[in-house]
Amino acid sequence: MKRRVTLPRWNGVASGFTWPDLDLTLPTWRARAVRYLLIYVALVVALVSVRASTSGVRPALREAQGREQALVTQRDNLILQLEALETPQRIIEWARGNGMRLYADAPKDTADIPAIPAAAPAAVPARTVEVTTQWK
């Protein structure tokens, strides 16, 4: 079943709708132009003041990026120096210089490990139970 929807007609006086009277006089347009001009001036002042207050952000950011790059370079150089100091040959030379020997070259002694004596079992205390009965 189809329902028919009736839409209001917008053809003027017959539907009760009338167009508002537009005020097209010169003073009205002049007042609107002044209002819009004041709005634009306020926006320009706001944008210029924001730009002026944040003018130091860009140079500070570039300086921070330069410091970051210098720190990254320093970190990379330190990593390379550490890797050069941690080579197996240098570690072996340091160990020999401090009187250490390789495990493969050290004399080995064998010995029997004695067994651990068995622990004595803990004494269990005697438990007594007392029961009292009371009749009413």
Rounded to the nearest 0.5 Å, what's the gap from CG on Leu82 to CG on Asn77? Could you check? 12.5 Å
What are the two closest heavy atoms between Pro59 and Ser55, and how far apart are they? CD-O, 3.4 Å
Report the distance from atom CZ of Arg30 to atom OG1 of Thr25, rounding to the nearest 0.5 Å. 9.5 Å
Under-4.0 Å salt bridge between Glu86 and Arg90: no
Kindly indicate whether the side chain of Leu80, heavy atoms from C-beta on, has any atom under 4.5 Å from the side chain of Glu83. yes
Should we say atom CZ of Arg32 is surrounded by more than 12 heavy atoms from elsewhere, each under 6.0 Å from it? yes
So, taking the atom named CG in Leu71 and the one named CZ in Arg67, what distance separates them when rounded to the nearest 0.5 Å? 8.5 Å
How many angstroms lie between atom CG of Asn98 and atom CZ of Arg96, to the nearest 0.5 angstrom? 13.0 Å
So NZ of Lys108 and OG1 of Thr110: to nearest 0.5 Å the spacing works out to 12.0 Å
Counting only heavy atoms from other residues, nucleotides and ligands, does the tally under 6.0 Å from CD of Glu68 exceed 12? no
Mind checking whether Leu43 and Tyr36 sit in one hydrophobic cluster, side chains of I, L, V, M, F, W, Y counted as touching below 4.5 Å? yes
